[in-house]
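Numbering of ligands and ligand atoms starts at 1, following listing order. This structure is a prediction, so every number in the text was calculated from the model and none was measured. Just so you know, these numbers use all the heavy atoms, side chains as well, and skip hydrogens, waters and symmetry mates.
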Amino acid sequence: MRKLIVQKYGGSSITDIKKIKNVAKRVVSYKKKGYKLVVVVSALGDTTDELLGLAHKVTKSPSERELDMLVSTGEQVSVALLAMAIHKLGYEAISFTGAQVGIITDASHTRARILNINTKRIEEQLNRGKIVIVAGFQGVTTDRDITTLGRGGSDLTSVALSKALGAETCEMYTDVEGVYTADPKIAPGARKLSKISYEEMLELASLGAQVLQPRSVEMAKKFNIPIHVRSSFLNKKGTIISKEVKAMEEIIVSGVTVNKDEAKITIYDVPDKPGIAARIFKDIANKNINIDMIVQNISRTGATDISFTVFGRDLNRALTTVREASKKVKAEGVSYNKEIAKVSVIGLGMRSHSGIAARMFNALARNKINIEMISTSEIKISCVIKKRFADKAVRAIHKEFGLGKK
Ligand code: ADP
Ligand code: ASP
Ligand code: MG
């Protein structure tokens with residue numbers, strides 16, 4: 001292993017100039033220890049949301065290519081400011097956009113996939129003793145169009161650079177001290193996990209724990225790159241994400257998550273005949289819309305209701321398609337509900353333990369929270385409930401499984 005670290009600082013760690021200076025100091029302290037450093041940064045604070053807000057003030061359906069042109073500017077601001085802050089401390093640093101360091105992606109704007117990273121330019125600068133600062137979340141197509149890697153995409157930039165450069169570790173600095181048993185902002189009693197497997201982290205991230213982008217965990221798992229999630233404000237060990245280890249299996253439930261960005265669509269009185277669901281869901285799949293949970297009611301009258309959930313960002317596109325499809329199959333109508341949330345429990349140990357679902361349902365029942373949909377897998381159980389009960393549900397389930405501080 002070479003003495004090279006990739007560090008990523010999220011938007012929450014650089015909300016103002018004082019914090020950028022704090023990050024610069026931290027980066028320099030590693031340089032002093034003799035490390036080569038590649039630093040990935042996100043846009044300042046809520047910049048990405050603000051830029052998206054501007055776009056939506058102009059039009060309801062902005063072009064995805066132009067969205068990428070717009071939001072990628074956020075990261076360009078932070079890399080330059082961080083480089084200046086490091087210069088001020090008397091150290092050499094150079095900032096780059098994704099395109100400048102050759103992060104080549106496909107052309108699926110707003111959710112592009114990294115195809116290749118040409119590390120030549122980064123290596124040259126590292127060999128000159130410079131701290132290299134790279135804009136997170138962005139890449140470029142072979143046609144030189146700017147792309148972005150999906151929300152939270154700076155995490156993916158960091159893991160991909162760690163792999164491409166053969167880094168010793170990939171450190172993700174954020175505004176919490178690591179990965180917790182639940183979002184510490186929702187469940188103040190949540191406990192920091194000292195380590196967690198890729199598999200569990202992938203479930204936590206996919207089911208709503210914002211702390212890491214799911215795609216970044218997937219890539220880390222694929223290339224076996226350990227991730228260290230830790231605080232950018234304190235000098236403390238955080239959470240190590242690595243391969244499954246035995247001790248983790250003994251823990252039945254490792255975390256509770258909530259996702260408030262899903263919507264439920266219901267199609268009423270669908271003819272209860274073979275092939276109908278296939279027709280509806282084929283149309284949705286053709287539009288590249290991901291479906292999460294599906295529930296079909298028992299039919300007594302020859303017609304049935306089908307409900308399913310989609311990501312909030314896909315709702316409008318999904319509705320257009322579903323309305324057309326429901327006419328084709330002669331269903332009665334379509335409704336939707338955005339006021340839902342999905343709460344989940346996750347744990348590798350659930351594979352070998354029964355009764356987890358019952359305990360989860362009980363915790364919700366005691367709090368008079370109605371379950372609208374359920375889905376399970378080997379290592380997770382999810383329930384759709386009303387959005388206004390989401391935080392309460394997380395706290396209740398977290399308590400039920402005794403996940404809090406001992
Ligand atoms: P960054 O700006 O560093 O990328 P994010 O806002 O994307 O930070 O992610 C960090 C946030 O993730 C935390 O502030 C926390 O509220 C949230 N979060 C949700 N679930 C968890 C969890 N299980 N452990 C830690 N943080 C979590
Ligand atoms: N700034 C981007 C976002 O808000 C990327 C990131 O933060 O990782 O999604
Ligand atoms: Mg993030």
Side-chain angles (χ1 to χ4, degrees), residues 7-15 19 23 40-53 67-68 70-79 98 110-112 134-139 147-161 171-196 200-217 227-233 238-239 241 253-261 313 341 343-347 390-391 394-395 397-398 403-404:
Q7 298 188 330
K8 174 245 165 180
Y9 293 89
S12 58
S13 299
I14 44 170
T15 48
K19 287 190 181 150
V23 168
V40 175
V41 274
S42 304
L44 308 187
D46 294 327
T47 304
T48 309
D49 287 327
E50 286 158 16
L51 291 170
L52 288 172
L67 275 177
D68 280 351
L70 179 70
V71 294
S72 60
T73 62
E75 271 69 12
Q76 196 171 334
V77 171
S78 22
V79 286
T110 75
R111 52 184 172 279
V134 180
F137 176 52
Q138 55 179 260
T147 51
T148 63
L149 311 174
R151 294 309 304 267
S154 300
D155 299 340
L156 185 62
T157 306
S158 314
V159 174
L161 282 173
E171 298 184 322
M172 305 281 195
Y173 287 92
T174 185
D175 67 342
V176 289
E177 288 178 40
V179 179
Y180 284 70
T181 48
D183 186 340
K185 288 174 185 159
I186 297 176
R191 190 166 42 85
K192 186 175 88 184
L193 303 162
S194 57
K195 57 187 175 185
I196 185 169
E200 280 170 303
M201 189 64 232
L202 191 55
E203 290 288 333
L204 284 175
S206 310
L207 292 166
Q210 206 195 328
V211 62
L212 282 179
Q213 188 208 33
R215 282 175 58 193
S216 72
V217 183
I227 297 179
H228 186 178
V229 178
R230 56 193 303 194
S231 163
S232 58
F233 308 119
T239 303
I241 298 136
V253 169
S254 53
V256 182
T257 60
V258 59
N259 184 349
K260 297 177 186 171
D261 187 35
R313 62 167 186 271
V343 285
S344 313
V345 294
I346 293 114
D391 292 1
V394 169
R395 288 189 287 267
I397 298 166
H398 192 258
L403 298 177

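Other residues, nucleotides and ligands place more than 12 heavy atoms under 6.0 Å from the CD atom of E177.
A salt bridge between R151 and D49 is present, with a side-chain N of the basic residue lying under 4.0 Å from a carboxylate O of the acidic one. Taking the charged nitrogens against the carboxylate oxygens, D261 and R313 have no contact shorter than 4.0 Å, which rules out a salt bridge.
Residue contact check for ligand 1: A182 places a non-hydrogen atom closer than 4.0 Å to it. Residue contact check for ligand 1: K8 places a non-hydrogen atom closer than 4.0 Å to it. In this structure, G255 falls outside the shell of residues with a heavy atom less than 4.0 angstrom from ligand 1. For the pair L204 and ligand 1, no heavy-atom separation below 4.0 Å is found. Heavy atoms of S154 stay at 4.0 angstrom or farther from ligand 1.
Proximity of K185 to ligand 1, defined as any heavy-atom pair under 4.0 Å, is confined to the side chain (atoms from C-beta onward). If you look at D183 next to ligand 1, the close heavy atoms, those under 4.0 Å, come from the backbone and the side chain alike.
Atoms OG and OH, from S231 and Y173 in turn, are 9.0 Å apart once rounded to the nearest 0.5 Å. In this structure, CG in L67 is found 13.0 Å from OG1 in T147, a value given to the nearest 0.5 Å.
Residues S78 and A43 share a closest heavy-atom pair of OG-CA, 3.6 Å. When every heavy atom of V41 is checked against every heavy atom of E75, the shortest pair comes out as O-CG, 3.4 Å.
Scanning all protein heavy atoms for the shortest distance to atom 7 (O) of ligand 2 gives S42 OG, 3.4 Å. Looking at atom 25 (C) of ligand 1, its nearest protein heavy atom turns out to be G178 O, 3.3 Å. When only non-hydrogen protein atoms are considered, atom 27 (C) of ligand 1 lies nearest to V211 CB, 3.8 Å. Of the protein's heavy atoms, D175 OD1, 3.5 Å lies nearest to atom 13 (C) of ligand 1. The protein heavy atom nearest to atom 10 (C) of ligand 1 is T174 OG1, 3.5 Å. Given atom 24 (N) of ligand 1, the protein heavy atom at minimum distance is Y180 N, 2.9 Å. Regarding atom 5 (C) of ligand 2, its nearest protein heavy-atom neighbour is F137 CG, 3.5 Å. Given atom 6 (O) of ligand 1, the protein heavy atom at minimum distance is Q210 NE2, 3.3 Å. Remark: minimum distance from atom 1 (P) of ligand 1 to any protein heavy atom is reached at S12 OG, 3.4 Å.
With T15 contributing its side chain and G45 its backbone, the two residues share no donor-acceptor pair below 3.5 Å. With hydrogens and angles ignored, the 3.5 Å screen pairs no side-chain donor or acceptor of R215 with any backbone N or O of G150. Using a distance-only test at 3.5 Å, with no hydrogens or angles considered, a donor-acceptor pair links the side chain of Q138 to the main chain of S72.
Backbone and side-chain nitrogen or oxygen atoms of S154 are examined, and one is located within less than 3.5 angstrom of a nitrogen or oxygen of ligand 2. Residue contacts with ligand 2: E75 is placed with a nitrogen or oxygen under 3.5 Å of a nitrogen or oxygen of the ligand (distance criterion only). Of the N or O atoms in S13, none lie within a sub-3.5 Å distance of an N or O in ligand 1.
With T181 as the partner, the side chain to side chain donor-acceptor pair (under 3.5 Å) test is satisfied by one option alone out of R191, H398, K192: H398. Of the residues listed (D183, I186, L207), the one engaging V258 in a side-chain contact (heavy atoms from CB on, under 4.5 Å) is I186, and it is the only one.
Inter-residue side-chain proximity for I241 and L212 is flagged as met; some heavy-atom pair is nearer than 4.5 Å.
If you number the atoms of ligand 2 from 1 as listed, the ones under 4.0 Å from a heavy atom of G153 come out as 5 (C), 6 (C), 8 (O). Atom numbering of ligand 2 starts at 1 in the shown order; those under 4.0 Å from a heavy atom of G152 are 3 (C), 5 (C), 6 (C), 8 (O), 9 (O). If you number the atoms of ligand 1 from 1 as listed, the ones under 4.0 Å from a heavy atom of G11 come out as 2 (O). The ligand atoms of ligand 2 that sit less than 4.0 angstrom from a heavy atom of R151 are 3 (C), 4 (O), 9 (O).
There is a side-chain donor-acceptor pair under 3.5 Å between D68 and T148.
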